[in-house]
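Remarks on the structure that follows.
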Amino acid sequence: MTLLKTYARLWTDDLDQALPLLAELTGEQPHLRLAFQEIALAAIGDFLVVAGPAEERARYSHASATVVVDDLEALLATLESAGATITTPVTGGPTGRFLYARHAGGAEIEYVEWTPDLVRRIIRP
């Protein structure tokens, strides 16, 4: 199992207002933009910007980062053997499959296995 990309999460009320500064700071344009339930997301550089009403963002604020992996099943075995607690089981989403896990030390992370198309487009162009 390989970690392909790690995103720091940034929280904002308005995605379009947040992106220009991040584009200037990173020298990049968003490489991923999508909606998930009531939330709008954009990935730019090493940031995952999460936008929407505060009460909707709060549903996801327990995770401090989003980590893209190449094999969610192998990751699951590693997490469980290290004493992590799976707080959201493997679930399908717009970019592939994901889960949330609380590590033994208390950090909670969202892990995502992207679709092959996204991996080819973003990780291995």
Restricting to non-hydrogen atoms, name the atom on [X] and the atom on [Y] that form the minimum distance, rounded to 0.1 Å.
| X | Y | result |
| --- | --- | --- |
| Leu75 | Met1 | N-CG, 3.8 Å |
| Ala104 | Ala82 | CB-O, 3.9 Å |
| His103 | Leu79 | NE2-CD2, 4.0 Å |
| Pro94 | Phe36 | CD-CD1, 3.4 Å |
| Ser64 | Ile109 | OG-CD1, 3.7 Å |
| Glu38 | Pro53 | O-CD, 3.9 Å |

Could you check whether Arg9 and Thr66, counting side-chain N and O atoms only, form a donor-acceptor pair closer than 3.5 Å? yes
Do any N or O atoms from the side chain of [X] and from the backbone of [Y] form a donor-acceptor pair under 3.5 angstrom?
| X | Y | answer |
| --- | --- | --- |
| Arg97 | Gly92 | no |
| Arg102 | Ile86 | no |
| Glu28 | Ala23 | no |

Mind telling me whether Tyr100 and His62 have parallel, tilted or perpendicular rings, with 30° and 60° as the class edges?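 Tilted: the ring planes of His62 and Tyr100 meet at 30° to 60°.
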Please work out which of the three classes, parallel, tilted or perpendicular, describes the rings of Trp114 and Tyr7, given edges at 30° and 60°.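 Rings of Tyr7 and Trp114: tilted, 30 to 60°.
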Assess whether side chain to side chain contact (heavy atoms under 4.5 Å, CB included) is satisfied between Val119 and Arg124, documenting all intermediate values. CA-CA 6 Å; Val119 171; Arg124 299 184 183 115; 3.4 Å; yes
Please say yes or no: joined through hydrophobic side-chain contacts below 4.5 Å, possibly via intermediate residues, are [X] and [Y] part of one cluster?
| X | Y | answer |
| --- | --- | --- |
| Ile123 | Leu3 | no |
| Tyr60 | Val49 | no |
| Leu22 | Leu41 | no |
| Leu48 | Phe98 | yes |
| Ile39 | Val68 | yes |

Can you check side chain to side chain contact (heavy atoms under 4.5 Å, CB included) on Leu4 and Val69, steps first, answer last? CA-CA 5 Å; Leu4 301 176; Val69 299; 5.9 Å; no
Could you tell me which residues satisfy salt bridge (Lys or Arg N to Asp or Glu O under 4.0 Å) with Asp14, sequence neighbours excluded, listed by chain and number? none
In Å, rounded to the nearest 0.5 Å, how long is the span from OH of Tyr111 to OG1 of Thr6? 8.5 Å
Distance check, rounded to the nearest 0.5 Å: His31 atom NE2 versus Ile122 atom CD1?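 The NE2 atom of His31 sits 5.0 Å away from the CD1 atom of Ile122.
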Pairwise side-chain contact, [X] with [Y], heavy-atom cut-off 4.5 Å (strictly under):
| X | Y | value |
| --- | --- | --- |
| Arg120 | Pro116 | yes |
| Leu25 | Leu21 | yes |
| Gln29 | Leu19 | no |
| Thr12 | Val50 | no |

Evaluate the criterion side chain to side chain contact (heavy atoms under 4.5 Å, CB included) for residue pair Lys5 and Asp46; output intermediate values, then yes/no. CA-CA 8 Å; Lys5 186 149 183 71; Asp46 292 323; 2.7 Å; yes
Just wondering, are more than 12 heavy atoms of other shown residues or ligands nearer than 6.0 Å to CD in Glu55? yes
So which pairs with a foot in residues 76-94 pass side-chain hydrogen bond (donor to acceptor under 3.5 Å, both in side chains), sequence neighbours left out?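 side-chain hydrogen bond (donor to acceptor under 3.5 Å, both in side chains) check on residues 76-94 returns Thr87-Glu108.
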From CA spacing to verdict: side chain to side chain contact (heavy atoms under 4.5 Å, CB included), Leu99, Leu72: CA-CA 8 Å; Leu99 65 82; Leu72 211 53; 4.0 Å; yes
